[in-house]
Each structure stands twice: as structure tokens, then as C-alpha cells.
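Quick notes on the structure that follows.
So that the names make sense, note that chain A is the first sequence line, chain B the second, and so on, each numbered from 1.
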2 protein chains.
Amino acid sequence: MKLGIDAMSGDLGSAIVVEACRSFLSKNKTDELYVVGKKEELLALESYSQVTIIDAQEVLEMTENILAIRRKKESSMVKTMMLAKNDEVDAVLSCGNTGAYYASAMLFLKRLEGIEKSCLMAMLPTYNDRGVALLDVGANSENTAEQLKSFAIMGSVYAKNVRKVSNPKVALLNIGAEHHKGDEVHQETYKLLESMQEINFIGNIEGKEILDGDVDVVVTDGFTGNVALKTIEGVAKVLVKSLKDGFMSSTRTKVGAVMAKPALKQLMNKFDTKAAGGALMIGFVKPVIKAHGSSDAIAFENAMNLAFDMVSSNVVDKMKEGLK
Amino acid sequence: MKLGIDAMSGDLGSAIVVEACRSFLSKNKTDELYVVGKKEELLALESYSQVTIIDAQEVLEMTENILAIRRKKESSMVKTMMLAKNDEVDAVLSCGNTGAYYASAMLFLKRLEGIEKSCLMAMLPTYNDRGVALLDVGANSENTAEQLKSFAIMGSVYAKNVRKVSNPKVALLNIGAEHHKGDEVHQETYKLLESMQEINFIGNIEGKEILDGDVDVVVTDGFTGNVALKTIEGVAKVLVKSLKDGFMSSTRTKVGAVMAKPALKQLMNKFDTKAAGGALMIGFVKPVIKAHGSSDAIAFENAMNLAFDMVSSNVVDKMKEGLK
């Protein structure tokens, strides 16, 4: 197996990627890494026989417009994607600018046959630690029922093959449980999903149920999914910030916070979105993995393991099969 | 001023409404309450000269289908709404079944001139304690740009007159800050809102910013707003549950939790949705206030105060004015 790795585009630069690659290689002695970036920053990887270093002197910045991918042909991100396009690697990873990365996949990679729209899938932590896949979280600003159906198939194949869930439960995000809820697209999607033998459709769920962990895959259009994902992030941020303010408000609460620290740490770990290994851009002929922009070495190695699992479980071929 | 009060339909029955009315009357000596419910449960209010008791022996249950409003003409909810229809009161309140209450407003009350669609507005607590109005949170399953424009006007009038915010900031919930983000309806809405002198439109905001409190009114279609509102509720519920689990996991964390209790209590109070006084059904010729289903006497009295503020600030007439 060959993994293509953009070493430059994350918030923390190449150091965390180098560290993640070394740790990955210490456990995996057979698969190859194609690491793309400023070669002078990747010297520590030179001695590994499994590593091919590809020099790329440009970096696509986090704040750059997605159109920069057309101009920055020598950037590590674009050069990594070209490896996938030219069939030199089996999957690609980056912790760079999501919009630019997605746009470069759209521009350079083919979509799976039968896929009108690719999409972005996020793995979210849940109360019961099972995790849930939410898709589309924002690759599209609107979707048809047929497109949502293809997301449901791909999400289900992913849960079954990569997450190893037998008969994964698939739900449609809607504004009520009954089949007639929502706008026309959602009503039609409900009917389509209900009629499918291939997936285990359990009906509509509401926003308040996403993180319960009772379902494995939540299907939604890119507009709603993006609002839901970002709302989850926002609420978590505001609640944690407010809790910290409260702890700092008196000596008593400060002491209490110190005592309760293991509980707080457990909460942070449970809902650490970085640990989930990043988002996936799906519907393409190769796995395209997006690690969190602020990934540390552990998070990036998790994303590498996810890429490994996706390639070794042959998930893209199985999605193709499921879409027929 | 005359307020019409459904005394029966909440989770906690008539007792909390009776208590709220007594407390309200102890502070307000001039305005009249029309209290609708089982007269044998309202005996404690009989001696107040400001109170008119209207007997209603049926109760619309929380779990009942909204169509029950057609059958249960003798229910406290329907009879309260009829008071508004017949111009016998200036505003109505209930803590009953949201769907049925909204349906009864739709069925019996007129909409304001120029309003194609009425909607549901929620007041949400924010990090900075300013609070934010989010509308529509689910009265509609889809909306046009023109309808979103009318929601923006009504939300802004509400913030200015009831919340007393001068020049309230109005934002559109979208999947990115730029004007071209989102589907056609959202792009068109952006243009409409941008061109209006009457409101202080500050542009798009994303889901993660809703609870920051930097804007006063967030406009969205009923589908997205419902998902956002319920996602907020769900995340808060899951985080608090997980935090409690963590606190219970060892003696140390248990002691820490007891010490830190004031901080936890402060957090709960800050984000207590009941304290905000309930949701509003807007676009009708009278204020229609929906208190939380599980309201206690204090929450219900807050909702009564909100009704009072809405009538005394003449907010419905001002919305009518704004919509011209």
C-alpha cells in the first residue's frame, strides 16, 4: 500500500507530520509513504527505505482562497493530490485548508461511477463512544434526494467496512420523526431510503439525537449538515468556556476544579474531535482524508491509520459496488 | 391590558400557573388575567378582582396529534386562543404542546398584513448573557427569501422594542461568511437583507457563532433553524450528562464536583432555556407566547412578563409598521 502525505499544510507545519510518520513506520514495516513537502524539513525521514520524499517548495495557506490551487501547482497539497490522480498512491492525507483540499480533489480526481456529487463526511464522538458518521457536512450547498441516497449508501459501506459495524443503522436528519416531515427533498429521500434493501434505514432523527450514538450514519444535505456540525462545535466551545469561567470565579470552585480534573479531562478526551481521525471526502476513486487543521502528531497518525484501514478494507471498491 | 392564559396544558398542570398568576398579581395591580382551565383547580384565583376564570374541562395532552385542536373545542388551549380571536384579550400564553398551540394560532388568528408565513422564534442564552433571537425554529419546513426577509424585520422590531437593543444586529445563518455562500434562497436573502435600510444586517454567520452573542437576531429557514435549535439542545444534554458521569467516576472527582458546585450551578442557570421566557409565535395579529412545556411557576411568570412587555411595547403594531 502507498499513502500520499501532504506534510506542510497544517497549523503546526511539517514537524508533527514527520513525527507521525516515524511513529507509523515504527509499527508498520511494509507499506510505503510518499511524503510531499519542503525537502529540507523532511530530512529525518530520508533514512527510511519505505519513504519517498517529494520536494514541494510552495505551501497552501489555511486562509488562502480555494482558487489558489490553480496557481500553486508546486504546493505540497496539489502535488499530493496529483500522486492520487496519477495512480502513484492508494490514498491521500492532508491537514490543510479544507476548502482548497476538497477543491483539489474535485479538480484532479475522478468521481465514482454513479456519483453525481461527492461529499464531506465527519466522524463525531457520541455519548456512548460508538461514534457517528455525519454526511454531507458542507461540500454542497444543496442536494437532491438521489444524491442523499448515494451518501446513505457510501456512509453505510464505510460504517460496515472501516468501523466494522455489522448492519449499520442509517438515519435521515429531519425536523421530526414522521415520514412526511421536512421539505420535498427530505420527504422524497425518506421514501427512497425506506425502499432500499441494501441499507438498514431506521427513519428520521432530529438534531437533538445526533450525538446520542444510537445510529451509525446520519445522512443530510450539505447545507443542513454544515450548520449542524458547526453548531455542535459552537455549543461545545461556549459550554466549556463558560464552565472554565465558573471554575475561576472563587477559591472554592478553583479547588473543586483541580479535584475534578480527571472528570474534566475525560470529557475533553471523549469529545475530542481530533481523535476521530479527521473528515473524509467521499465519492472519489481514492480515499481522501482530511485531518484536523490543528492536528498534533497523534491526531495525524490516527488519520494515517484511518487511511490505512480504508485502503486495506477496500472501501472505495465496496462503495462502487453498493452504488450499482 | 388583558392576558389570556391556558392554565392546563403544561407538564406540571395548573398548580404552577396558579402560583405564577398569584405572584404576577402581587406585583401588578391594574392588568387583567383571563385564566382558562378546570375551574375546580383554579379556586385560589377566584378572590382576585383582576382575574376572570373561564371554565374548560378538556386538556390538550402533550403527546396528542395537532389535529386534536379541531376535536377538542372545549380544551383550555383552544378556548384561550378563541379569546384572542374574539379580541377579548391582548396576548395569549400556554406551556402546552407546541405543534397544537401553533396550529391553533394558524387556524384561529389572522396573520399580519404582508406576512405570507408566520414563524416560531426562540430566545437563546449566549456566552455574553445578551441572548439571541433565532427564527424560524421550525414552524415551516421551507421558506422563500421574501419570507426570510419578513422574519428579519419582525426579529429586529422585537429586539429593539422588547429586548430594548438599540440598532439590533441581524445575521443570516449560512455555511460561510461570504455573500455567495449557501443555496439560491440564502444567496437571494442575503441580497434582500443587504439592501434594506430598516435593519442593521451584518451578513452571514455560521452555526458555531450562534451562541457567542455577537448578534441579536439570527434569521434562518424553518428546516435549518429547527435542526440548529435541536442540535444545541442535544449537545448541551450530552455534554452535561457526560460531565456528570465523569464526576461520579471516583471519590476524588465526586468531592471535586461538590466543591465546584457553584460553578456548575452558574453554568446551568446561564444556559437554562426556561429562564428566557419561552418561544414566540410571530406574524399573528396578537402576541402568542409559548412557555417551555416543563415550566415551573417562575418560568411561567417570566413568560407572563414577556407577554406584558410585548403588549405594552406595542410590538405587533410596530412589526406591522416595519413590514409596510
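In this structure, the side chains of Lys237(B) and Tyr127(A) stay at 4.5 Å or more apart for every pair of heavy atoms. Under the 4.5 Å side-chain criterion, counting only non-hydrogen atoms from C-beta, Val227(B) is not in contact with Val227(A).
Taking chain A as the reference chain and counting heavy-atom pairs below 4.5 Å, the highest number among Asp221(B), Asn140(B), Leu229(B), Thr224(B) is found for Thr224(B). Ranked by heavy-atom pairs shorter than 4.5 Å toward chain B, the options Lys244(A), Lys261(A), His186(A) are led by His186(A). In terms of non-hydrogen atom pairs under 4.5 Å with chain B, the most contact-rich of Gly234(A), Gly176(A), Ser250(A) is Gly234(A).
Heavy atoms closer than 4.5 Å to chain B are found in both the backbone and the side chain of Ser242(A). For Ala228(A), the parts lying near chain B are the backbone and the side chain together; criterion is any non-hydrogen pair under 4.5 Å.
Close approach to chain B, defined as a heavy atom under 4.5 Å from one of its heavy atoms, is seen in Glu206(A), Gly207(A), Lys208(A), Ile210(A), Leu211(A), Asp212(A) of residues 205-213 of chain A, taken by number.
Shown here for Leu264(B) and Leu243(A), the closest heavy-atom pair between the two residues is CD2-CD1, 3.5 Å. Residues Ala260(B) and Ala257(A) approach most closely at CB-N, 4.2 Å, considering heavy atoms. Closest of all the heavy-atom pairs between Gly182(B) and Phe223(A) is CA-CE1, 3.9 Å. Closest approach of Ser141(B) and Ile175(A) over heavy atoms only: CB-CD1, 3.9 Å. When every heavy atom of Val258(B) is checked against every heavy atom of Arg252(A), the shortest pair comes out as O-NH2, 2.8 Å. Pairing each heavy atom of Ser249(A) with each of Gln266(B), the nearest pair is OG-OE1, 4.0 Å.
When the shell of 6.0 Å around CE of Met62(B) is examined, it contains more than 12 heavy atoms from other residues, nucleotides or ligands. More than 12 heavy atoms of other residues, nucleotides or ligands lie within 6.0 Å of NZ in Lys72(B), so this atom counts as buried by the packing criterion. Within a 6.0 Å radius of CG in Leu107(A), other residues, nucleotides and ligands contribute more than 12 heavy atoms. The local environment of NZ in Lys241(A) is crowded, with over 12 non-hydrogen atoms from other residues, nucleotides or ligands closer than 6.0 Å.
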Show your working on side chain to side chain contact (heavy atoms under 4.5 Å, CB included) between Ile232(B) and Thr231(A) and close with a plain yes or no. CA-CA 7 Å; Ile232(B) 291 170; Thr231(A) 299; 3.4 Å; yes
